[in-house]
Amino acid sequence: MLFEPRWFRWVRWVGLAFFTTIVLLPLYVMATSAAKPLRDVQGEFHWWPTELTLRPFADIWRTIPLGRYFLNSVLVSTAAALCSVLVAVFAAYAISRFRFPGRALFSVTVLSTQMFPGILFLLPLFLIYVNIDQLTGITLYGSRLGLVITYLTFSLPFSIWMLVGYFNSIPRELDEAALVDGAGPVGALLRVVVPVATPGIVAVAIYAFVTAWSEVLFASIMTSEQSRTLPVGLQLYSTQAGVYWNQVMAASLVVSVPVAAGFLMLQRFLVQGLTAGAVK
Amino acid sequence: MADRPGATGAARRAGAGWRRPGLAYLLLLPALALELLVHLVPMAVGVWMSFRELTQFFIRNWSAAPWAGLRNYRVALDVDSAIGASLLRSLWITLAYALLVVAGSWLLGFVAALLLQRPMRSRGLLRTLFLVPYALPAYAAVIAWNFLLQRDNGMLNHLLVDNLHLTDDRAFWLLGDRSFVAVVLVSVWRHWPFAFLIIMAGMQNIPTDLYEAAAIDGAGPGQQIRRVTLPMLRPVNLVLVLVLFLWTFNDFTTPFVLFGAATPDQADLISVHIYQSSFVTWNFGLGSAMSVLLLLFLLLLTTGYLLLTARRRRRAV
Amino acid sequence: MLAGRSGNGVLGVDMRFRKVGATAAAVLLLLPLAACGDDGGGGDGKTLTYWASNQGPSLDEDRKILQPELDKFTQQTGIKVELEVIGWPDLLNRILAATSSGQGPDVLNIGNTWSASLQATGAFLPFESAELDPLGGPTRFLGPSFAATGAAGQPPTSVPLYGLAYGLFYHKRLFAEAGITSPPKNWTEFVAAGKKLTRGDQWGLAVEGASYTENAHHAFIFGQQHGVDLFDGAGKPQFTSQHLVLAVKQYLDFMATDKIVNPSNAEYSTPTQPIGDFAKGKAAMLLWQSNAVSVLAAAGMKPDEYGVAPIPIADPLPPGGKPVNSHVAGINVSVFKNTDNRAGALELVKFLTSSAEQQILNKAYGSLPVVKDAYSDPAFQTPQIKIFQEVLATTAAPLPQVPEESQFETTVGSAMRDLFAKVASGQPVGEPEVAAALEKAQQEMGTGG
């Protein structure tokens, strides 16, 4: 920890005040605008509403099927996060503990997919989903299932990479002891490694959830009215009803609060996960 | 990156359980299958498309689209024509955007982490607060910024013109030259907490006795940062900078949500540029060729970065 | 990739691990499946899916207008219809998705300016006489509207549904306050009136400067008056003509040199913004399509508070100029070739183009019936409607029915959007700048594979 002279205190308070302002200012405008009557947001900006109202929060559920978008987003993001964690734990365990031909190749390939511009595989992926549908009858295009599979893969590279780091930091003696006790490697993973690695796993799950909750590009092409998620629903709404800013702000707040709250509550795990895992 | 030296020795000692590659492959199978389905095969199809004349006339029966050879690439790379020139311009804009956002986010994140290093009463609260921009769903944050940046009814102009009287001119933030400033600003606002989070985690791992030793040598805060903090954070920074760079370079959400269908020329970031070139004009062959070029560019850049940092790391050891 | 390199592969694994792996895989597959049970409804082959474009002030409003009518259709024919109203920013992507996948709606709306572009994809059912005759044949439709249903010489792949035309909307009270007694008839009068109406935070005209479609429509209308053909006989774009430069510049100059448009309008990207300004008395004129009526109503403006006149025509017309003040605007309805219920789909088209439905729907949307027999309704005999009808019948020209039309809208419309942005931020936009922008737009057309 840095050793600080006395004057550094002042630097710190000024600095922290600066950061607090830049973070809070937009949030303040979001929150107050969402509580303004329509006429306040259609004219010049004012810092304080002429009258506080909760009507925008009631109206948004009627102007767009926000409830359905919300439900879709919750289902898709939760399923994507759970599946992503499951897949990533197995894969990371294999990479962390096993030596096998192709190990390095797999790691590099998976990581390099982080680099792929989404645009490059958006249309091909869409066409592949359509073909799968025609061949097997499993509807991936326009369905929540398709989104889940897409999103869980988006968070895989980072999740695997982070968990590999995490697993590497767990002493092998632990799982070896379990192996000696007669558990197989998978048993050792589930009974010994996973409990120890919980912070890392929670961190990865948060990451996967947030990734799915925020994705715009693929959702804009791959959803139908029935499976539409919040990012697209809200974006369409804001472009269509640009003048109802109070409602748009209210909707933005409503969709932010659950995920932001979850994220912030679990940030301790995230920091722990990162400290032990990726950051070494 | 995942291939960590040091683990090999332990593996050799390990029990019989994890010497069987078969099981390893089985454990990898779901991840591999998903990567193939969602990333690798589509990418191969994308490369295939880039050699086809995939326009509106063939989109219905796309597998029959005629062979275009290298024509799409020639068009995309011909910097004397409008298409090539605007792609190149977009590339420069995106590079500038990514560099500014990475630099800005890192700097803010680093300073904030430094200021919050010492335990104090409000530390937990402030840390949570600082993470909020990153915790908000990207599109919600960007939609809010779109509102703040409106010319007539936005908060920023009200603040600058009516409250602070810095200028009399109500500027357009979402049009023209300032749109680039706006998109950088919004992106830094969203990304710096991530840098903050990672750097903070990294700083916690720096042993206190290093600082003690430096303090005993008479080093002030500036020198402690230079001699202890920055060198110790190096491995963290290397990864952080790369991750931030790739995220911002491929960033679609920020410009797309901030500007809608009307991306101004000055903030014409590459992923939106390619989206417009393929989805608006329905010329997917050309769009795919552009994406492949973009991928090659990023591969080159990343490999260069990794080689460079690896060599320096070796020299440093 | 991995299996090829490994010697012993998956077969060398003992049973227990295989079971674990299988369980993992099964959980993997079932989890999302369980979470996403019912999707993609309407698969019984009889139910029709109908994609309606956004016509009213909001998607919800559209649903409220259309659903009762579709229920009526179900009652009459026993065919169920699943309605989805799609916003414009989304519609082209959705049609693209449907076209490339062959999985789409049975019946859908398209903007009639896209007719030829979409026809070229081959994804839509051609209306030959077997399909057209049950609808009453081509002659039942208004001539100009029916001309905008596809490329010349090919069977159309859509039929008109709603007719639209451009008009000049003027704010009666603001006109009276400025002492202007009649709407301007030519551009000199228009600009003079605009200048009188511009004072304080009130402006002469409101435009949707960041919308490429609006810009492109005006490029076409002003271009016609300047004698421009956007495409030559062979369908090649010719955007670089001096006439088009002048036409585009004339439109931009309302903001740049005449200063009768608020520079903020350069930022406007949804119709509700300029129309809202007009409704609130912040702008005195609009050059808009007839369906502005429903948006105005939603913004709280009563029909007797504004008047409608034909858009001015240059007087005298530049050499080669045509007295055109609107494109033949409108919405067409198409049947998707892959429909499993072709007869039902055609039945729905017949229902939507029937005299009774034409009257109900066009009244609700403020648009014009596209079939002659619907005009018997007195609601379509009002002076306002008569003006639009007159424009559509006499001074409207169809946008070029070529496959590249939608690209004309995006390239030229976007170029104008960028020019508006330049004007608004105080940069000079003269003929050279306009010419350069159009040159670039032309190059972006059609090249490449």
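Scope of the values below: all heavy atoms of this structure, side chains included, with no hydrogens, waters or symmetry mates. Computed from a predicted structure; not experimentally measured.
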Interchain contact, B:Ser50 with chain A, by part (heavy-atom threshold 4.5 Å)
neither
With only heavy atoms counted, which part of B:Arg170 is less than 4.5 Å from chain A, the side chain, the backbone, both or neither?
side chain
Please classify the contact between A:Asn131 and chain B as side chain, backbone, both or neither, with a heavy-atom cut-off of under 4.5 Å.
side chain
Heavy atoms only, distances under 4.5 angstrom: which of A:Ile22, A:Val259, A:Leu127, A:Val110 has the most pairs with chain B? Name it, please.
A:Leu127
Using heavy-atom distances under 4.5 Å, tell me whether A:Leu24 contacts chain B through its side chain, its backbone, both, or neither.
side chain
Top residue by heavy-atom pair count (under 4.5 Å) with chain A, among B:Val142, B:Val292, B:Leu210, B:Asn146?
B:Asn146
Testing the 3.5 Å rule here: is there a donor-acceptor pair between the side chains of B:Thr229 and B:Tyr211?
yes
When the 4.5 angstrom heavy-atom criterion is applied to B:Leu233 and chain A, the contacting part is neither
Against chain B, work out which of A:Val29, A:Val255, A:Leu123 has the most heavy-atom pairs shorter than 4.5 Å and name it.
A:Leu123
Answer with side chain, backbone, both or neither: which region of B:Asp162 has an atom nearer than 4.5 Å to a non-hydrogen atom of chain A?
side chain
Of the listed A:Thr113, A:Val216, A:Thr20, the one with the largest count of heavy-atom pairs under 4.5 Å with chain B is A:Thr113
With A:Tyr93, the side-chain contact (heavy atoms from CB on, under 4.5 Å) member among A:Val164, A:Val186, A:Asp175
A:Asp175
Between A:Ser220 and chain B, with a heavy-atom cut-off of 4.5 Å, which part of the residue counts as in contact: side chain, backbone, both or neither?
side chain
Audit row: B:Glu35, A:Leu156, side chain to side chain contact (heavy atoms under 4.5 Å, CB included) steps and yes/no:
CA-CA 8 Å; B:Glu35 287 296 336; A:Leu156 264 188; 3.6 Å; yes
Pick from B:Trp192, B:Trp189, B:Phe194: which one makes a ring-ring contact (aromatic ring centres under 6.0 Å, His included) with B:Phe130?
B:Trp192
Looking at A:Ala94, A:Gly15, A:Gly118, which makes the most heavy-atom pairs under 4.5 Å with chain B?
A:Ala94
Is the shortest side-chain heavy-atom distance between A:Phe106 and A:Ile95 below 4.5 Å?
yes
Under a 4.5 Å heavy-atom cut-off, does chain A meet the side chain of B:Leu129, its backbone, both or neither?
both
Region of A:Leu253 that comes under 4.5 Å of a non-hydrogen atom in chain B:
neither
In terms of heavy-atom proximity below 4.5 Å to chain B, should A:Phe263 be classed as side chain, backbone, both, or neither?
side chain
Under 3.5 Å, is there a donor-acceptor pair linking the side chains of A:Thr211 and A:Ser155?
no
When the 4.5 angstrom heavy-atom criterion is applied to A:Ile128 and chain B, the contacting part is side chain
Do B:Val239 and A:Trp161 touch side chain to side chain, with heavy atoms closer than 4.5 Å?
yes
Taking every non-hydrogen pair under 4.5 Å, which of B:Ala144, B:Ala138, B:Ala44 racks up the most with chain A?
B:Ala144
Got B:Ile143 and B:Val257 here, is their nearest side-chain heavy-atom distance under 4.5 Å?
yes
Can we call the ring centroids of A:Phe218 and A:Phe154 under 6.0 Å apart?
yes
Given heavy-atom pairs under 4.5 angstrom as the criterion, report whether the side chain, backbone, both or neither of B:Leu246 touches chain A.
side chain
Is any side-chain heavy atom of B:Leu294 closer than 4.5 Å to one of B:Phe249?
yes
Can you tell me how far OH of A:Tyr129 sits from CD1 of A:Ile149, rounded to the nearest 0.5 angstrom?
5.5 Å
Among A:Ser256, A:Ala260, A:Ser214, A:Pro231, who wins on heavy-atom pairs under 4.5 Å with chain B?
A:Pro231
Under 4.5 Å from any heavy atom of chain A - which part of B:His39
both
Under 4.5 Å, counting heavy-atom pairs only, tell me which of B:Leu131, B:Thr253, B:Leu136, B:Thr128 racks up the most with chain A.
B:Thr128
With only heavy atoms counted, which part of B:Asn250 is less than 4.5 Å from chain A, the side chain, the backbone, both or neither?
side chain
Does the side chain of A:Phe98 reach to within under 4.5 Å of the side chain of A:Arg103, using non-hydrogen atoms?
no
Part of B:Val272 lying under 4.5 Å from any heavy atom of chain A:
neither
Honestly, the part of A:Phe126 sitting under 4.5 Å from a heavy atom of chain B is neither
Going by heavy atoms in the side chains, are A:Val248 and A:Leu234 under 4.5 Å from each other?
no
Does the side chain of A:Pro117 come within less than 4.5 Å of B:Leu295's, by heavy atoms?
yes
Heavy-atom cut-off 4.5 Å, strictly under: side chain, backbone, both or neither for B:Val41 against chain A?
both
Residue among A:Phe121, A:Trp13, A:Phe19 with most heavy-atom pairs under 4.5 Å to chain B:
A:Phe19
Measuring heavy-atom distances to chain A, does B:Leu108 have an atom under 4.5 Å in its side chain, in its backbone, in both, or in neither?
both
A:Tyr207 and A:Phe158 aromatic ring geometry - parallel, tilted or perpendicular at 30°/60° bounds:
tilted
Report yes if some heavy atom in the side chain of B:Pro137 is under 4.5 Å from a heavy atom in the side chain of A:Leu230; otherwise report no.
no
Is it the side chain or the backbone of B:Thr302 that comes within 4.5 Å of chain A heavy atoms, both, or neither?
side chain
Go through the atoms of B:Met155 and report whether side chain, backbone, both or neither lie under 4.5 Å from a heavy atom of chain A.
both
Using non-hydrogen atoms only, which part of B:Tyr275 is less than 4.5 Å away from chain A: side chain, backbone, both, or neither?
both
Given heavy-atom pairs under 4.5 angstrom as the criterion, report whether the side chain, backbone, both or neither of A:Ile160 touches chain B.
side chain
Assess, by modelled atom type and distance only, whether the side chains of A:Trp47 and B:Asn163 contain a donor and an acceptor separated by less than 3.5 Å.
yes
When B:Leu29, B:Leu27, B:Leu28 are each screened for side-chain contact (heavy atoms from CB on, under 4.5 Å) with A:Phe90, the one that passes is B:Leu27
